[in-house]
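Working notes, beginning with the structure itself.
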Number of protein chains: 2
Amino acid sequence: MVKKIVRESGARPARMPAAERRELILQAATAVFAERGYSGATTDQVAKAAHISQPYVVRMFGTKENLFLEALDRALGKLMDSFRSVIADYDAGRLAGKVALLDPDKGSSREVQLKQLMSLAYADLVQDRGILLMMMQSFIAGHEPVIGACARDGFVGIYRLVRDEAGLGEEMTRDFLAHGMLMNTLISLRLTDLYETNSAVAELLECTMGAKLPLLFASGKAG
Amino acid sequence: MVKKIVRESGARPARMPAAERRELILQAATAVFAERGYSGATTDQVAKAAHISQPYVVRMFGTKENLFLEALDRALGKLMDSFRSVIADYDAGRLAGKVALLDPDKGSSREVQLKQLMSLAYADLVQDRGILLMMMQSFIAGHEPVIGACARDGFVGIYRLVRDEAGLGEEMTRDFLAHGMLMNTLISLRLTDLYETNSAVAELLECTMGAKLPLLFASGKAG
DNA sequence: AGTTGAGGTAATTGGATGATTACTTATCAG
DNA sequence: CTGATAAGTAATCATCCAATTACCTCAACT
């Protein structure tokens, strides 16, 4: 007679519908992939972060690669949704108050104002700490056959959105993306760790993030 | 009696002094780490790229982590040497010809001219394809205890060099770094693969790389 | 010629890790 | 109450990979 296994030490996870669990796993995967990259992350780390067993992660997404792709898609979607809603709100006049704060003289063109607003939206996304770094990890995985292709598509999609939908034009879009990449790098590098002890770092962070710097220190807390 | 192993199929590697072999391995490691990142690369891939055995790679550098650190150090050194020699040459008046080409009116300040010259030097480094991507891989490994710390030091070193030794000041240095990060991203993403088929990509590449775009397509051939 | 040490490899190992299999258990419709 | 199905796990496998061990073999110097 095999001894009946009695579940001890309470930590039994709550059951929930698959769709809901899916989102939790994607959140966990985003955080783990963001820190460790595609190769550096393990499905077990994702499972632990989602408080669930490793086999379930694999079974729900098929492969680690597919999990990464879905997390990437989710991150890209959040970024683009955020930008699109900025554009829509701006064009509907719903951001007049914010614009007045950023640009009291109202001397800037639509593009310049939109650029500032999207920078703000971008910095807001930092609070998740996963979303942006997840994308960054995909951008340097260009050599991976499938992930690389999706990353390229995603990047081009962002370029088109900023250049055409927001209407920033070539050079302004390039500069916008460049500063985004610098922000991503500073965050991923964890330069914030040196903020107190290194005045050059403090200067660079303040100069790059501007008023949005506090968001960086608060990052990681939001879901 | 154990059968004497006779070396067949000639491919026996040439012997060479350890210091020389070391540099070859570092070159190979730079290329491999640049493409696949720290976690994604294997010591065996480095060994194959250097045409030697995997155990020898490990024995010569102790650990994979240490190999990465030495390759990173080498890459950072090359970049900073390159910038420093631009600065020295400029201040010694040895770049008058180049400056005249970039800035026919001679209307720009020292900082602006130096910035352009350093951008040029940066783009020259692209030809290796390993140097810059190696650094980029280290920048997104901020969570690794040892590698992350070295990457932070390296980044801050570059910032100081550009801001203080070249004298670009805060904002200009920030913009310089931002565009460098964008270039790194475009290269790592292999957006060049889409240059022919995607006009938005062609536009972005031309806008970002300017006259230096051909260097990008020629990259990977140099040692 | 013989020894020695540096340059190198084959074989192996132990741990990690993505994936699979075979279960268990909760929930809910009838 | 009772299947049936969906949610979830334990155990295990096969593979990969960094690191170790135990060698081999030239070249240089007595």
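Lettering follows sequence order; numbering is per chain, from 1.
- Rounding to whole angstrom units, CZ of residue A:Arg21 and P of D:dT9 are separated by 7 Å.
- Nearest nucleotide to the B:Thr42 side chain, out of C:dG7, C:dG8, D:dA18: D:dA18.
- With sequence neighbours excluded, no residue forms a ring pair (Phe, Tyr, Trp, His ring centres under 6.0 Å) with A:Tyr56.
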Pull out every protein N or O sitting under 3.5 Å from an N or O of nucleotides 19-21 of chain C, one pair per line with the distance.
from: C:dA19; atom 1: OP2; to: A:Lys64; atom 2: N; distance (Å): 2.9
from: C:dA19; atom 1: N7; to: A:Gln54; atom 2: NE2; distance (Å): 2.9
from: C:dA19; atom 1: N6; to: A:Gln54; atom 2: OE1; distance (Å): 3.1

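- Under the rule for a side-chain contact (heavy atoms from CB on, under 4.5 Å), the partners of B:Met172 that lie at least two apart in sequence or sit in another chain are B:Glu111, B:Val112, B:Lys115, B:Leu168.
- Residue pairs meeting the ring pair (Phe, Tyr, Trp, His ring centres under 6.0 Å) criterion with at least one partner in residues 143-166 of chain B, sequence neighbours excluded, are B:Phe139-B:Phe155.
- Applying the side-chain contact (heavy atoms from CB on, under 4.5 Å) test to B:Ser85 and every residue at least two apart in sequence or in another chain returns nothing.
- For the pair B:Met16 and A:Asp44, nearest-nucleotide mapping onto DNA chain C gives the more 5' position to B:Met16.
- Not counting sequence neighbours, B:Asp164 has no partner by the side chain to side chain donor-acceptor pair (under 3.5 Å) test.
- For B:Thr30, the side chain to side chain donor-acceptor pair (under 3.5 Å) partners at least two apart in sequence or on another chain are B:Arg74.
- Judged by distance alone, with hydrogens and angles left aside, B:Arg15 brings a side-chain donor or acceptor within reach of the base of C:dG7, the pair sitting under 3.5 Å.
- Remark: A:Leu194 CG to B:Arg152 CZ distance equals 6.0 Å, nearest 0.5 Å.
- The shortest distance between the side-chain N/O atoms of A:Tyr56 and the OP1/OP2 oxygens of D:dT9 is not below 4.0 Å.
- As a whole-Å value, the separation of A:Lys48 NZ from C:dG18 P is 11 Å.
- Considering only residues two or more places apart in sequence or on other chains, B:Leu161 meets the side-chain contact (heavy atoms from CB on, under 4.5 Å) condition with B:Met80, B:Phe83, B:Arg84, B:Ile87, B:Glu165.
- A rotation axis mapping the C1' atoms of four pairs onto the next four is fitted at both ends of the helix from C:dA1-D:dT30 to C:dG30-D:dC1 over five pairs, and the angle between these axes is 10° to 10 degrees.
- Residues from residues 31-40 of chain A that place a heavy atom under 4.0 Å from any atom of DNA chain D: there are none.
- The separation between B:Ile25 atom CD1 and C:dG7 atom P is 11 Å, rounded to whole Å.
- B:Lys212 meets the salt bridge (Lys or Arg N to Asp or Glu O under 4.0 Å) test with no other residue; sequence neighbours excluded.
- The list of side-chain hydrogen bond (donor to acceptor under 3.5 Å, both in side chains) pairs with a residue in residues 58-69 of chain A, not counting sequence neighbours, reads A:Asn66-A:Glu70.
- In this structure, A:Ile52 places its CD1 atom 11 Å from P of D:dA10, rounding to the nearest Å.
- Annotation: side chain of A:Asp124 is not in contact with side chain of A:Ser82 (no heavy-atom distance under 4.5 Å).
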